[in-house]
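In what follows, a structure is listed as C-alpha cells, so that the remarks can point back to it.
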Protein chains: 2
Amino acid sequence: MNRRRRPTIRDVAEKAGVSIATVSKYVNGQQSFSQAVEDKLRDAIDALGYSQNALARAMVTGRTTAIGLAVMDLANPHYSNVVKGANRVALANGYNLFVVDMEESIAAVRPLLEALAPRTDGLIVSARIPNDVTDWLAELDKPVAFLGQPERDDVLTVGTDSVQVAALLAQYLVRQGFKRFGYVGYSRASSNADRLRGLRRVLEPAGVELLVFDVDEPTNEAGERAVARVLLRPDRPDVIIGWNDLVAIGMMNEARSLGFKVPDDVAFAGIDNIPISRYVTPPLTTVDVCSQATGEVVMKKIIAMIEDKPQPTGLTLEPALIIRESTQRQFT
Amino acid sequence: MNRRRRPTIRDVAEKAGVSIATVSKYVNGQQSFSQAVEDKLRDAIDALGYSQNALARAMVTGRTTAIGLAVMDLANPHYSNVVKGANRVALANGYNLFVVDMEESIAAVRPLLEALAPRTDGLIVSARIPNDVTDWLAELDKPVAFLGQPERDDVLTVGTDSVQVAALLAQYLVRQGFKRFGYVGYSRASSNADRLRGLRRVLEPAGVELLVFDVDEPTNEAGERAVARVLLRPDRPDVIIGWNDLVAIGMMNEARSLGFKVPDDVAFAGIDNIPISRYVTPPLTTVDVCSQATGEVVMKKIIAMIEDKPQPTGLTLEPALIIRESTQRQFT
DNA sequence: AAATTGAAGTTAAACGTTTTCCTAAAAATG
DNA sequence: CATTTTTAGGAAAACGTTTAACTTCAATTT
C-alpha cells in the first residue's frame, strides 16, 4: 500500500504562508479575508486536495454532525423504510446518518452502540434492547431515541402502538366475518405480547377463537416453515395473521403451493405494509405502521434535541388499515 | 438537556489514584498489574461507567476499526444483502460497519464520502460514481473498494460481470424459444450499457429482435408505469427483461392486471435474485448476482488490505441463472 | 491630529486518547 | 550481599482540529 498521509491543515497553512488558525477560519467561512490571503488559501487547498478531518474536528467541537441508527435487520424492508425516512431528514438538516445492522442479535448490541456513541451526536435504536443497555444509553451525554419501544418518560420514543395495530386489524377481520383466527407471532420480540393483547381485546368480546403459534425468526422462510402446522389442525383457522408481512407472505405462498385457495380456504394478513405486499398474489392485507414517517419524525425530533430545542418524550403515530385481496372473502 | 459529560480516562485515573497512562494500558490489556491497582481500576471504571472514546483513540492510533459502505439505495434488497454479507464478515473480524445511503443521488456522493473517509479504515462504494470522485478516492490514504464497477487496475473491484450476466439470461431465453425480446433498462446506471452489450452479443447471432426501453428509477413503481408502453406495441415482445427484479416484478404485476397471462402471453425475467422474487406470482426467473457473497468477499479483501496483506485488485464472481415459472412457457 | 473602533491574522490551549521513553522498586543472578 | 535484569507505573508528546484572547494596522470619529 502506497499510503500517502492525508494533507492536514498544517500543510495548507505552510503552503499558503499563513497560520493554521486562518486556514481553519477560512474553511469554516468564519471571517472575511484579504484578496491575497483568500487566493493563496484557495490555491493551496486544491493543490493539496485538502479536506477537513472530521474526527479531529469532532474532538474539539464535541459535535460530529452525524447521527447513528441501529436497526434489527436491514434485510427487512420495514427497517429499510425507516432508514429512508430518517436519512432524508438528516441530509436535509446537514447531518450524516450512519446505519448499523445488529443482525437480530440483541446480545451484540452493547458494543455496537458503544462504538457508535462517541462518533455521533445522537442515537436512534430501532429495537427492544435489554434494560441495562437502555439505562446506559439514557445516562449518555447524547440524545437517544427508541423506535418500537413502549413509551418511557426519560427517553424519546416514536412509533405506532402495537396494541392498537393488532386491534385495528382484528376489528376489520371480525367485521368481515372471520370466525377462527390464527396468529403466528414472534415471541422473541417483546412487542409480541402487546400485539396479542390487542388481538384478544377485540376477539374475546366478539367470541371468536384465537390459536397462537410462533416463529423463530421474522422472515419469509420462517413463515413458509410455520404454516403447515397451522393448516393441518382439525380446527383450522379461516384467517391467519402473521407477525409481519414477511412472515405472512411466506405463509401465504406455502399455503397456496399446498393447494389452499387464498382467501377462500384461508385468508392471510400481515403487519408493516412493506412495499412488496402489494405485489404478491393475492395482494396482502396489512396494517401500515408508518415506517418511513417514523424515520422522518424521529430524526426531526432528535435533531431538535441536539440543537437544544426541548421536545416531548413520546410520540405515537396512527396506524392505518390497508385492505387488499388476501382477506376479501365472500361469506355466504 | 441534562447533558452529563462522559467520564474520561482522566476521571478514571483520578478516582483510582493512578496515571492516565496506566488506565490506558489497563483498558487495552497491554500489561500486567498489581492486584491493588487492578482492583481500583476495575472499580473506578464501572463506578463511572467509563468506556473508551473511539474518536480520541482513532486520532492517535490512526485506526478506527470501522469500515464505511456507501450504497445507492438501501430500499433495494440487492443492496440489503450486500450489506448483510459485509456486516457479518466485518463483525467477525472485529470491525464495525457503517452504512450510508446515497439515495440514488450521484451528485451528493462526494460530501458523503468526505464525511465518511476520516471515520473509517476503509471504504466500500457500491455504485458507479463520477470519475473525479473515483480519482479522489484512489488517492486517499485508505483502502477503497468498488462494487458493480468495471475492473480498474488501481482499485479493488468485486462483483459479477454485467455483460456475462445479461448474456447468460439471454442464452437461456433464446434456447427456450422466445423470439421477440424486450429490455427495460435503467440508462442512468452505467452498467446498463454492459448489459445491453451482453444481450446483443447473444441475440444478434440468434437472429432475434431486441426492443429497448428505459425506466427512470429502478423500482417496482417504475416498472409498473413502464410496462404498458412495451405491451401495447404492435410487435409486442414475448419476453421482457427488467433492469432488475424490482422493475421486473412491477412490470409483471401490471401486465397481469392488464389481463395478460404470464408467461403464456408474455414472459418476464429480472436480474439480481432478490429474496422476494421467489414469492411473486409467477415466481420470477432471474440471474443471481451473488449479492451476499459480494459483500462478504469485498469485506474480506478490504480487511486484508487494511491489515497490509497485499491483494489482487479485481475479483469477478460467477453469476447463476435462476429458472422459475415466469419464463416457463410451453412452445408448440 | 489624537483617540477610538474595527478588521485581519496570530498564538496557544484544549479535546481524550496512545505510546515512547523514563524511573524506581522488586526480583533474579552471581 | 552486590549487581544485573525485570516489572509496574508515570511524564509528556503527539494526533488534527477549533477558539478565546491577543496583536497589528488601517479606517473612522471627535
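Lettering of chains follows the sequences in order, A, B, ..., and the numbering in each one begins at 1. Computed from a prediction, not measured in an experiment: that's the story for all the values here.
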Exercise for the section: Rounded to the nearest angstrom, tell me the gap between atom CZ in A/Arg10 and atom P in C/dT10. Expected result: 14 Å
Fill in the blank from the handout: Under a 4.0 Å heavy-atom criterion, DNA chain D is touched by chain B from D/dA8 to D/dG16
Problem - Pair A/Gln52, A/Asn28: side-chain N/O donor-acceptor within cut-off below 3.5 Å - result: yes
Practice task
Find which nucleotide of DNA chain D each of B/Ser19 and B/Ala56 is nearest to by heavy atoms, and output the residue with the more 5' nucleotide.
Solution key: B/Ser19
Practice task
Round to a whole Å and report the spacing from CZ of B/Arg63 to C1' of C/dT17.
Solution key: 16 Å
Handout entry: Test log, rule salt bridge (charged side-chain N to carboxylate O under 4.0 Å, His left out), inputs B/Asp121 and B/Lys142
Key = CA-CA 6 Å; B/Asp121 294 337; B/Lys142 295 185 190 320; 5.4 Å; no
Problem - Identified side-chain contact (heavy atoms from CB on, under 4.5 Å) partner of B/Asn87 from the options B/Leu97, B/Val99, B/Val82 - result: B/Leu97
Practice task
For B/Ser34, answer base if it contacts any base atom (sugar-phosphate contacts may also be present), sugar-phosphate if it contacts only those atoms, and nothing otherwise; contact means non-hydrogen atoms under 4.0 Å.
Solution key: sugar-phosphate
Exercise for the section: Could you tell me whether B/Gln292 atom CD has more than 12 heavy atoms of other residues or ligands within 6.0 Å of it? Expected result: yes
Practice task
Look at all strands and tell whether B/Tyr50 reaches a base, only sugar-phosphate, or nothing, counting heavy atoms closer than 4.0 Å.
Solution key: sugar-phosphate
Practice task
Assign a letter to each nucleotide of nucleotides 19-27 of chain C from its 5' end: B, base within under 4.0 Å of a protein heavy atom; S, sugar-phosphate only; -, no contact.
Solution key: B--------
Exercise for the section: Classify the side-chain pair A/Arg119/B/Thr64 by whether it contains a donor and acceptor separated by less than 3.5 Å. Expected result: no
Problem - Derivation of the salt bridge (charged side-chain N to carboxylate O under 4.0 Å, His left out) call for A/Lys15 and A/Asp43 - result: CA-CA 9 Å; A/Lys15 180 145 200 160; A/Asp43 293 351; over 6 Å; no
Exercise for the section: Would you please say whether a donor-acceptor pair under 3.5 Å links the side chains of B/Thr294 and B/Ser291? Expected result: no
Handout entry: Nearest-nucleotide 5' precedence on DNA chain D, B/Ser32 against A/Thr8
Key = B/Ser32
Handout entry: From CA spacing to verdict: salt bridge (charged side-chain N to carboxylate O under 4.0 Å, His left out), A/Arg88, B/Glu103
Key = CA-CA 8 Å; A/Arg88 209 155 294 161; B/Glu103 306 261 349; 3.2 Å; yes
